Chemist: 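Structure incoming, see below.
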Amino acid sequence: MAERHYDPSEIEPRWQQVWADEHTWEVSNQPLEGETSDATSYVLEMLPYPSGEPHIGHLKKYAVGDAIAHFHRRTGHRVLHPMGYDAFGLPAENHAIKTGVHPRDSTAESIASFQRQFRSWGISIDWSRELGTHEPSYYRWTQWIFLQLYEAGLAYRREAAVKWCPNDQTVLANEQVVDGCCERCGAVVEVKQLEQWFLRITDYAERLLSDLDGIDWPEHVKTMQRNWIGRSEGAEVTFHCEELGIDYPVFTTRPDTLFGATFFVMAPEHPDVLRLVEGTEQEQAVRDYVNQTLTESGEERGSLEKQKTGVPLGRYVVNPVNGERIPMYVADYVLMEYGTGAIMAVPGHDERDYAFARAYGLPIRRVIEGVPDQGADAEGLPYVGDGPLVGSHPDFDGMGNREALRAIVQWLDREGKGHASVNYRLRDWLVSRQRYWGCPIPMVYCDSCGVVPVPAEQLPVILPDIEDYAPRGRSPLAGAEDWVNTECPACGGKARRETDTMDTFVDSSWYFLRYCDARNEEAAWSAQALAMWMPVNQYIGGVEHAILHLMYARFFCKALADLGHLEFQEPFSALFTQGMVTKDGAKMSKSKGNVVSPASIVERYGADTARCYILFIGPPDQDADWSDEGMEGVHRFLARLWRLAAETAERADGKPEPAFEERFAGPGGAALEGDDLELARKAHWAIEKVSEGMRRFAFNTAIAAVMELLNECSRMRDSLDVDSLRFGLATAASLLFPFAPHLSSEVYELLVGERVWERPWPQADPDMLQREEYELVCQVNGKLRDRVQAPSDADEEQLKALCLAAPNVQAHLGGHEIVKEIVVPGRLVNLVVR
RNA sequence: GCGGACGUGGUGGAACUGGUAGACACGCUGGCCUUAGGAGCCAGUGGGCUUACGCCCUUGAGGGUUCGAGUCCCUCCGUCCGCACCA
């Protein structure tokens, strides 16, 4: 027989051509006759950022997503599986600064490379809905959403501190500040107050938190979001500064320790700090301290080992519970961003306040009784645990602190000095970027009208071409004078455009909505299109987006739902996070020289091998280390399947009779015997295994089950009826289709003469899974002593008898008394002897 | 420091609700075929004892619950991730 050779470079392009020519994976927004809402499914991988070429992580993400999409299709769903590009962003802009190549051109080049590779991987994408977030037809609607948020008061402008490099004359992202210096030029970074646009995500903190309970997401992702939102219950308590007649509210989770407050601390950024010391002898010391802190990097300031520092303000506030005057300080361990930017300090029961009190010789007072914690001083302080109150007030002393907490808050509330309060760590989302390659913020500034939104009908505000991408103090867009100078939409007078662009996370917070109706020129989407597809049934992406992207997208949906634009609250019903692919245990990187390029793998072994291997390597939610040997093993498996199929097709000569599979299931299966029966059973076993694997994302074990089926076909090849072999191999191909679509299509057509993707997912026949005999495990005192064949319908008594009769069980009983018998039908018998 | 995940052969990993530990694959060893093979096929492969039937040990360490623990509970060790002066 002539040598046969599995040649993916011939097979794969041929099938890709079929799918492209026939638009196989396109779905329409027109419901099918009598189609119910659960007949559609939306499977989505996080859209790629097009930079250079796709890497192995992309291959894994789309291999997972495509397997799910195919499985949903073949289990009776019409599946939306689109593709797009998160095309705005800093890397393309930095490249432009270096080379002068327009970001649009370098991005287009990268997109073309992604498209080519996605097609060569055989991913089943509905290309008719393709989009790029940098296209005016897309960002027009990003701007429209911004205006919707603005009109609802959810987008607002205020001054905020930003990192500023005085040398490069630009605002820096936090990631660009290394040890307090500019990563590019090394200049010491300054903090500058600039007017910035914010989105009011904090309004949604509670809902973002509570709605996590209703979605099928990995627990660790939910935990990360919960921690990020950081809900704390406590009280807001007002401290009064008599000298200046100002109230200073503070947030505390421990109002039970109020009587232990011995000083009061403000964050260096607190707007009142300088005002409080103006004209006093403290002024210079405070100014120096504030300036010094503000130029320190976050890491420097945040380091826990650092000695606590601060400066007295020379002012006092009154503790509302006991009327005590306590001194005010400014100290950098208090953060402006959290709570009110000021705290009451209780050194007896807070470690940070304790450290500060020690350093500055401030009084430390015990107000809760309790066994000292580790590292406490001779007095047993600081003590952060629970216990009865002492030295507070006769009304509360002796009361357990948790109970006292409630009582004190009630008292504060009655007296108008405070109230129960909930605080969140989450802060409003700063979306302004002083950058060129992003979506323009659709706002203008008019001398007479102030801030004016660009009317929706004038959208999009087109990002103009510029010559010089280097940032010069403001966004590079500020240099495009013709573009900046415009007419006020309100009064027609002279106005200037906003020159900042939006954070690219804004672009990606709604793209999944646009896919539903990507060619709609009248609106961002139609209600009908969203009703058909949203929410996303299965979302797939890396854990690195566990917080930012996934939180922002949820926020957008809630806000847009409140504004009447959406009918649902949560965009992603189910989430799957895939693990990283490493090489030699390390993250792939050019500098380490351990990059595995998907293009070269596909070229050499084919897309089916690459896709199967990346799923076979281990559970897809875990990190996995790439091994060339492992991949070759998978390649051998695919080659064996192809070879045996080709050989069988030749032997079988022509198509099987219609519905030939019926011989191997249901009543037809009853007629089988010997190896033909064995193989049919193995096939149904594999159907069961793979189907279960698809539901659990256990693709590695699913592929292993198909390998077992093929091994069985191969082992019995000479004794099997040719149709049995045909059935076994066709089933293997059918089950492998979500992972290796080209080879599976090829093999299925060879053997059955049909298109596998048009066939329903195979069903495991329960009768074929049932055997008349099984291997009964016989244990004595919990140890395996023998195995015997037992009829499937044997009752407990019969099983016990079988076990007792087993030779090696007999040997271990050895006349001992049986004190207990455990019978698990279908599994084992355990005899306990004394 | 807080929160989370994980720890199984030489390697990647299997074992869904406690019930035959090591499926499947890589690697390795031996054999067949071949002019040759880095192609293909067959067999073996956790450790120890035994001619053999078998027996003992083994899922990071120690303890516990149970007829029975990789799986459940406690303590410890180690690895990875997230947050980190959040009042």
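Numbers restart at 1 for each chain; the letters A, B, ... are given by sequence-line order, proteins then strands. These figures come from a predicted structure and were not determined experimentally. Below, all heavy atoms of this structure are taken into account, side chains as well, without hydrogens, waters or symmetry copies.
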Chemist: So A/N711, base contact, sugar-phosphate only, or nothing? Heavy-atom distance under 4.0 Å.
Modeler: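 The residue A/N711 makes sugar-phosphate contact but no base contact.
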Chemist: Would you confirm whether the ring centroid of A/F505 sits within less than 6.0 angstrom of the ring centroid of A/Y552?
Modeler: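 Under 6.0 Å, so yes.
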Chemist: Please give the nucleotide sitting opposite B/G78 as a Watson-Crick or G-U wobble pair, both distances under 3.5 Å, or none.
Modeler: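 Answer to the pairing question: B/C6, which forms a Watson-Crick or G-U pair with B/G78.
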Chemist: Give a yes or no on whether the ring-centroid distance for A/Y613 and A/H635 is below 6.0 angstrom.
Modeler: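 When the ring centroids of A/Y613 and A/H635 are compared, they turn out to be at least 6.0 Å apart.
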Chemist: Without decimals, in angstroms, what is the distance between A/M336 CE and B/A87 C1'?
Modeler: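 It is 14 Å, rounded to the nearest whole Å.
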Chemist: C1' atom, B/U17 versus B/G70: distance in rounded Å?
Modeler: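 Result for the C1' pair: 15 Å, nearest Å.
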Chemist: Would you tell me if any nitrogen or oxygen in the side chain of A/S232 comes within less than 4.0 Å of OP1 or OP2 on B/A87?
Modeler: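 So the side chain of A/S232 is within the cut-off, an N or O lying under 4.0 Å from OP1 or OP2 of B/A87.
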Chemist: If you only use heavy atoms from C-beta on, which nucleotide in B/G19, B/C41, B/A23 is closest to the side chain of A/V824?
Modeler: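 Out of B/G19, B/C41, B/A23, the nucleotide with an atom closest to A/V824's side chain is B/G19.
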Chemist: Provide, to the nearest angstrom, the distance between the CE atom belonging to A/M631 and the C1' atom belonging to B/G38.
Modeler: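 Interatomic distance, CE of A/M631 to C1' of B/G38: 14 Å.
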Chemist: Hey, which sits more toward the 5' end of RNA chain B by its nearest nucleotide, A/K820 or A/R254?
Modeler: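 Looking at the nearest nucleotide for each, A/K820 comes out on the 5' side.
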Chemist: In whole Å, measure the gap between the C1' atoms of B/G7 and B/A61 for me.
Modeler: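 Taking atom C1' in both B/G7 and B/A61, they lie 12 Å apart.
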Chemist: Can you identify which nucleotide, out of B/A87, B/C24, B/C85, has its nearest atom closest to the A/M707 side chain?
Modeler: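 Comparing B/A87, B/C24, B/C85 against the side chain of A/M707, the answer is B/C24.
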Chemist: Quick one: are the ring centres of A/F263 and A/F356 less than 6.0 Å apart?
Modeler: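 Yes.
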Chemist: So does A/R785 get a side-chain nitrogen or oxygen closer than 4.0 Å to the phosphate oxygens (OP1/OP2) of B/C55?
Modeler: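 Indeed, a polar side-chain atom of A/R785 lies that close.
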Chemist: Measure from CZ on A/F637 to P on B/C24 and round the result to the nearest Å.
Modeler: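 These atoms are roughly 13 Å apart.
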Chemist: Could you tell me whether A/E775 contacts a base, only the sugar-phosphate backbone, or nothing, with contacts defined as non-hydrogen atoms closer than 4.0 Å?
Modeler: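 Base, at least one base atom sits under 4.0 Å.
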Chemist: Rounded to whole angstroms, how far apart are CD on A/Q810 and P on B/C53?
Modeler: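 Spelled out: CD on A/Q810 to P on B/C53 is 20 Å.
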Chemist: Quick one: A/D628 CG to B/G27 P, roughly how many Å, whole number?
Modeler: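 In whole Å, B/G27 P lies 11 Å from A/D628 CG.
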Chemist: What's the gap between B/C74 and B/U58 when it is taken at their C1' atoms, as a whole Å value?
Modeler: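 About 23 Å, rounded to a whole number of Å.
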Chemist: Could you tell me whether A/Q789 atom CD has more than 12 heavy atoms of other residues or ligands within 6.0 Å of it?
Modeler: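 Buried by this count: over 12 neighbours within 6.0 Å.
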Chemist: Counting heavy atoms from C-beta on, name the nucleotide in B/C41, B/C85, B/A25 closest to the side chain of A/Y333.
Modeler: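 Between B/C41, B/C85, B/A25, the one nearest the side chain of A/Y333 would be B/C85.
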Chemist: Looking only at atom C1', what distance separates B/A15 and B/G9, rounded to whole Å?
Modeler: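 Taking atom C1' in both B/A15 and B/G9, they lie 15 Å apart.
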Chemist: Taking the minimum atom-to-atom distance to the side chain of A/R425, which one of B/C26, B/A84, B/G19 wins?
Modeler: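 Given the options B/C26, B/A84, B/G19, the side chain of A/R425 is closest to B/A84.
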Chemist: Looking at every strand, decide which applies to A/V777 at a 4.0 Å heavy-atom threshold: base, sugar-phosphate, or nothing.
Modeler: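 Counting heavy atoms under 4.0 Å across all strands, the contact made by A/V777 includes a base.
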Chemist: I want to verify a distance call: between B/C24, B/G4, B/A87, whose nearest atom is closest to the A/L335 side chain?
Modeler: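 The closest nucleotide is B/A87.
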Chemist: With sugar-phosphate meaning primed atoms plus P, OP1 and OP2, does A/D353 contact a base, only sugar-phosphate, or nothing at under 4.0 Å between heavy atoms?
Modeler: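 No contact.
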Chemist: Taking side chain as C-beta onward, heavy atoms only, is A/V706 less than 4.5 Å from A/F637?
Modeler: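 Yes, their side chains come closer than 4.5 Å.
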Chemist: Could you tell me how far apart A/L784 (CG) and B/C55 (P) are, to the nearest whole angstrom?
Modeler: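 The distance from CG of A/L784 to P of B/C55 comes to 8 Å, rounded to the nearest Å.
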Chemist: Any salt bridge between A/R695 and A/E692, counting N to O under 4.0 Å?
Modeler: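 Looking at A/R695 and A/E692, the cut-off is not met.
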Chemist: Indicate, with yes or no, if the rings of A/F264 and A/Y329 have centres closer together than 6.0 Å.
Modeler: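 Between A/Y329 and A/F264, which both carry aromatic rings, the centre distance is not below 6.0 Å.
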Chemist: Tell me if the CD atom of A/E544 is crowded by more than 12 foreign heavy atoms within 6.0 Å.
Modeler: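 Yes.
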Chemist: What distance, rounded to whole Å, do you find between the two P atoms, one in B/U11 and one in B/G18?
Modeler: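 B/U11 and B/G18 have their P atoms separated by 29 Å.
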Chemist: Report the distance from atom CD of A/E647 to atom CZ of A/R651, rounding to the nearest 0.5 Å.
Modeler: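 Between A/E647 CD and A/R651 CZ, I get 8.0 Å after rounding to 0.5 Å.
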Chemist: Between B/G46 and B/A21, how far is it from one C1' atom to the other, in whole Å?
Modeler: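 Between the two C1' atoms, the distance is 10 Å.
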Chemist: I want to verify a distance call: between B/C24, B/G19, B/G54, whose nearest atom is closest to the A/N808 side chain?
Modeler: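 Nearest listed nucleotide: B/G54.
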Chemist: Could you give the distance separating B/U29 and B/G10 at their C1' atoms, to the nearest angstrom?
Modeler: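 Taking atom C1' in both B/G10 and B/U29, they lie 13 Å apart.
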Chemist: Ignoring the backbone of A/L828, work out which of B/A25, B/G19, B/A87 is nearest its side chain.
Modeler: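 For A/L828, the side-chain atoms sit closest to B/G19.
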Chemist: In whole angstrom, give the distance that lies between atom OH of A/Y605 and atom P of B/G38.
Modeler: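 Going from A/Y605 (OH) to B/G38 (P), I get 15 Å.
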Chemist: Throw together a table of side-chain donor-acceptor distances under 3.5 angstrom for residues 251-260 of chain A, partners on residues two or more places apart or in other chains.
Modeler:
unit_1: A/T252; atom_1: OG1; unit_2: A/R254; atom_2: N; d: 2.8
unit_1: A/R254; atom_1: NE; unit_2: A/D256; atom_2: OD1; d: 3.1
unit_1: A/R254; atom_1: NE; unit_2: A/D256; atom_2: OD2; d: 3.3
unit_1: A/R254; atom_1: NH2; unit_2: A/D256; atom_2: OD2; d: 3.0
unit_1: A/D256; atom_1: OD2; unit_2: A/N401; atom_2: ND2; d: 3.0
unit_1: A/T257; atom_1: OG1; unit_2: A/R254; atom_2: O; d: 2.8

Chemist: Provide, to the nearest angstrom, the distance between the CD atom belonging to A/Q225 and the C1' atom belonging to B/G82.
Modeler: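 Taking CD of A/Q225 and C1' of B/G82, I get 13 Å after rounding.
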Chemist: Would you indicate whether the side-chain heavy atoms of A/D353 and A/I343 approach each other to under 4.5 Å?
Modeler: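 They are in contact (side-chain heavy atoms under 4.5 Å apart), so the answer is yes.
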Chemist: Who is the Watson-Crick or G-U wobble partner of B/C53, with both distances under 3.5 Å?
Modeler: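 Answer to the pairing question: none, since B/C53 forms no Watson-Crick or G-U pair.
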Chemist: Closest to the A/N830 side chain: B/G68, B/C55, B/A87?
Modeler: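 Minimum distance to the A/N830 side chain belongs to B/G68.
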Chemist: Across the strands shown, which category fits A/V250 at heavy-atom distances under 4.0 angstrom: base, sugar-phosphate, nothing?
Modeler: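 A/V250: no heavy atom of the nucleic acid under 4.0 Å.
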Chemist: How would you label the contact of A/R640 with the nucleic acid (heavy atoms, under 4.0 Å): base, sugar-phosphate, or nothing?
Modeler: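 Sugar-phosphate contact only.
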Chemist: Both distances under 3.5 Å, Watson-Crick or G-U wobble: report the partner of B/C16, or none.
Modeler: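 Across all strands, not a single nucleotide pairs with B/C16.
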Chemist: So which nucleotide from B/A87, B/G40, B/C56 ends up closest to the side chain of A/K783?
Modeler: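 Nearest to the side-chain atoms of A/K783, counting from C-beta on, is B/C56.
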Chemist: Is B/G18 syn or is it anti, if syn means the base angle is within 90 degrees of 0?
Modeler: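 B/G18: anti glycosidic orientation.
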Chemist: Is there a Watson-Crick or G-U wobble partner for B/G1 with both distances under 3.5 Å, and which nucleotide is it?
Modeler: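 Checking every strand shown, B/G1 finds its partner in B/C83, with both distances under 3.5 Å.
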Chemist: What string of B, S and - do you get for nucleotides 10-15 of chain B, 5' to 3', if B is base contact, S is sugar-phosphate-only contact and - is no contact with any protein heavy atom under 4.0 Å?
Modeler: --BSSS
Chemist: With side-chain contact (heavy atoms from CB on, under 4.5 Å) as the test, pick out the partner of A/T731 among A/L736, A/V690, A/L709, A/L679.
Modeler: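 Checked A/L736, A/V690, A/L709, A/L679 against A/T731; only one passes side-chain contact (heavy atoms from CB on, under 4.5 Å): A/L709.
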Chemist: Can you tell which of B/C24, B/A87, B/C26 lies closest to the side chain of A/R636?
Modeler: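 So the side chain of A/R636 is nearest to B/C26.
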Chemist: Out of curiosity, A/M694 CE to A/K689 NZ, how far, rounded to the nearest 0.5 Å?
Modeler: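 Output value for this atom pair is 15.0 Å.
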Chemist: Do A/D213 and A/R226 meet the salt-bridge criterion of a basic N to acidic O distance under 4.0 Å?
Modeler: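 Salt bridge present between A/R226 and A/D213.
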Chemist: Does any residue of residues 339-350 of chain A have a heavy atom under 4.0 Å from RNA chain B, and if so, which ones, in number order?
Modeler: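 RNA chain B contact set from residues 339-350 of chain A: A/I343.
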Chemist: Taking the C1' atom of each, how far is B/U45 from B/C83, in whole Å?
Modeler: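 46 Å, rounded to whole Å.
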Chemist: Pick the closest RNA chain B nucleotide for A/S627 and for A/M224 by heavy atoms, then say which residue is nearer the 5' end.
Modeler: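 Closest to the 5' end, via its nearest nucleotide, is A/S627.
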Chemist: Less than 4.0 angstrom between a side-chain N/O of A/H220 and OP1 or OP2 of B/C6, yes or no?
Modeler: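 No, because none of the side-chain N or O atoms of A/H220 sits under 4.0 Å from OP1 or OP2 of B/C6.
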